[in-house]
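Below is one structure, written out as structure tokens; comments come after it.
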Amino acid sequence: MGTRAKRPRSGQRSQWPLLIVANTLPIRRQRERGVTRWVTAPGGLATALTPIVRDAGGAWIGWTGAVGRIPTTFRHEGIAMVPVPLSRQEITEYYEGFGNGTLWPLFHGAIREPAYHRPWWRAYVAVNERFAETVARHATPGGTVWVQDYHLMLVPSLLRRRRPDLRIGFFLHVPFPAEDLFARLPWRRQVIEGVLGADVVGLQTPTAARNLARLARRFGGADVHGNMVFKEGRQTVVDAYPISVDVQGIEHVAGLPRVHRRVEELRRTVGRGRRVLLGVDRLDYTKGIDLRLKAYAELLTRQREFAAQTVLVQVAVPSRDRVLEYRRLQERVDAMVGRLNGEHGDVGVEPVSYVRRNLDTEELVALYRLADVMLVTPLADGMNLVAKEYVAARTDGRGTLILSEFAGAAAELKSALLVNPHDVNGMADAIEQALAMPAPEERRRMRQLRGAVHTNTVQDWAASFLKSLRSASSA
Ligand code: ADP
Ligand code: G6P
């Protein structure tokens, strides 16, 4: 949903007691039919933190996603946005390079070979310094700063040097790799020391927290006792805080009459009497979209009639498309969809309905409500919010979730059909099982899944992290 950004009124404050600091602002400039507007950015980080910072009346510091010159601080849908500029070269070396060519693949189990380039590292240091500088200018004395994700792992210690009065939290949205994998990083010591500048370091799972604590001992020269890491007279809590979604917000959207009408319309135009399978992902090689398509093709080969009885709706929003691996993936997925429809479809019947763009929340929720089976099959994923959004949207108690064992969400969503996303036949079996599932079992599983998302909402997640931060920094 896009709106025009408002300039701050004169006299409006330029320091905030809660600052969210992330690589990008939670909005992107989008040009459609000749009109440019801000739209909500896709991705778990933006989705999770937007309601938190809005409710707290805080500000968000981040890059706009565009090159060079930047607007001054502005408000968008109740959030003060403080843009940080990046040059073309910094975008290439810090964001596409060190962020998405080194840390992203390394942290996702090296499913693509991470590249180690010294100029990328230098750009990463320089941009982290700029973020720390910007935060230092905008935080109120004794204020709280919450730094997000792998792009900004040096900011906690760079900021502490400038502003020792602040409470500093850090949260990693992606997995944290096993010791020996992380040990490959030429700048492992600096990265570990960087995050240890925080009072609390949050990770998605206990395994990730353990990995980080062990590395703090091995490369950061720290002492570790339980979830406490001690270094140079300071202490940092390193613990798991599994992120979640705005359950109430999604349930509200799911109950809107116009969303119900949209579901009915989609049932007529897309479903047409067929069972609907759904995938919703950023076009990222960690999401397992290609193997999912293979599993669906396997199913259609096993049972030809499924081609007329089912439809797979795959929504994939392009992401990081200046990075070669992402362009390659997009080409591969495009080609696979074409082949699958060509080989298994018929005149007027396409088994895969492929949408390659950003959808607004109401459209996404309508699709969740349409889907008999939701396929969330990443090869590695810190949490995966799509899985939780699907469950939150199913206030009708229907629908089956097929979920990768390698998504952080699998630890909480135990009543999903859990799959190994590398096992194409196993995934095809799970889809068959979901399609044949008796209604009472479907309802029972969904009831348990809904219980799990209600127990831990994104508001609970933020409250528990911020509570730890308050008590850690006053200890
Ligand atoms: P990641 O953070 O790696 O992208 P998550 O599943 O945790 O993965 O979060 C993805 C977020 O982006 C979800 O909130 C989802 O609704 C949103 N999203 C994904 N694809 C789209 C799309 N095509 N249009 C709009 N939002 C999307
Ligand atoms: C994941 C990362 C976020 C990132 C998002 C979208 O969720 O953990 O840090 O913002 O993907 O990626 P992008 O590169 O478009 O910001």
Side-chain angles (χ1 to χ4, degrees), residues 1-2 20-28 30 39-51 60 62-66 86 91 94-101 103-104 107-108 147-153 170-176 203-204 242-247 249-250 253 278-289 313-323 325-326 354-368 374-393 401 403-404 406-409 413 458 461:
M1 279 160 280
I20 299 294
V21 191
N23 171 53
T24 45
L25 294 173
I27 50 179
R28 297 274 193 286
Q30 186 169 294
V39 296
T40 307
L45 190 161
T47 311
L49 281 151
T50 300
W60 191 305
W63 168 50
T64 58
L86 290 187
I91 296 170
Y94 146 81
Y95 170 65
E96 293 156 2
F98 202 76
N100 293 319
L103 295 182
W104 179 268
F107 283 17
H108 287 86
V147 183
Q148 310 293 324
D149 232 359
Y150 60 98
H151 313 88
L152 301 177
M153 294 183 84
F170 176 84
F171 188 78
L172 188 71
H173 292 254
V174 296
F176 193 82
L203 297 116
Q204 301 277 26
I243 202 168
S244 190
V245 295
D246 182 4
V247 177
I250 294 171
V253 174
L278 175 66
V280 174
D281 311 81
R282 272 186 313 102
L283 248 170
D284 193 298
Y285 53 78
T286 60
K287 301 293 179 186
I289 302 170
V313 178
Q314 176 62 57
V315 186
V317 59
S319 185
R320 308 173 191 170
D321 49 13
R322 286 175 41 89
V323 180
E325 286 291 354
Y326 286 78
Y354 181 45
V355 182
R356 190 152 44 64
R357 65 191 167 81
N358 207 2
L359 301 181
D360 67 27
T361 310
E362 291 188 11
E363 185 70 4
L364 271 182
V365 170
L367 283 170
Y368 292 147
M374 181 81 212
L375 292 159
V376 179
T377 57
L379 307 178
D381 210 327
M383 176 55 60
N384 195 290
L385 295 185
V386 166
K388 292 188 171 183
E389 287 169 1
Y390 177 66
V391 172
L401 174 64
L403 179 61
S404 163
F406 303 118
L413 304 182
V458 75
W461 165 77

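In each ligand, atom 1 is the first atom listed, and ligand 1 is the first ligand listed.
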| Could an N or O of ligand 2 be found under 3.5 Å from any N or O of Asp149, whether backbone or side chain? | yes
| query | Hey, does Ser319 come in under 3.5 Å of ligand 2, counting only N/O atoms on both sides? | reply | no
| query | Near ligand 1, which residues have a heavy atom under 4.0 Å away from one of its atoms? | reply | Pro42, Gly43, Gly44, Thr47, Val280, Asp281, Arg282, Lys287, Val315, Val317, Arg357, Asn358, Leu359, Leu364, Tyr368, Asn384, Leu385, Val386, Glu389
Quick check: closest heavy atoms across [X] and [Y], and the distance to 0.1 Å?
X	Y	answer
Leu367	Leu278	O-CD2, 3.5 Å
Gly382	Pro175	N-CD, 3.5 Å
Ala48	Pro51	O-CD, 3.4 Å
Gly279	Gln314	O-NE2, 3.4 Å
Gln148	Phe170	C-CE1, 4.3 Å
Ile243	Gln204	N-OE1, 3.2 Å

| message | With a 4.5 Å cut-off on side-chain heavy atoms, are Glu389 and Val365 touching? | response | no
| Below 4.5 Å, heavy atoms only, C-beta onward: do Arg357 and Leu359 meet side chain to side chain? | yes
So, 4.0 Å and heavy atoms of [X]: is ligand 2 close enough to count as a contact?
X	result
Arg28	yes
Gln148	no
Asn23	no

| field | Aromatic plane relationship, Phe171 with Trp461 - under 30° parallel, 30 to 60° tilted, over 60° perpendicular | value | perpendicular
| message | Below 30° counts as parallel, above 60° as perpendicular, anything between as tilted: where do the rings of Trp104 and Tyr150 land? | response | tilted
| task | Please write down residue, atom name and distance for the protein heavy atom closest to atom 13 (P) of ligand 2. | result | Tyr95 OH, 3.5 Å
| query | Can you tell me which residue and heavy atom of the protein come closest to atom 7 (O) of ligand 2, and the distance to 0.1 Å? | reply | Gly44 N, 3.6 Å
| Just how far is it from atom CD1 of Ile289 to atom CG of Leu379, taken to the nearest 0.5 Å? | 10.0 Å
| request: Run the numbers for me: atoms of ligand 2, each under 4.0 Å from some heavy atom of Val174, listed by number. | output: 8 (O)
| task | From atom 11 (O) of ligand 2, work out which of Met383, Arg320, His151, His173 has a heavy atom at the shortest distance. | result | Arg320
| At under 4.0 Å between heavy atoms, which part of Arg282 makes contact with ligand 2: side chain, backbone, both or neither? | side chain
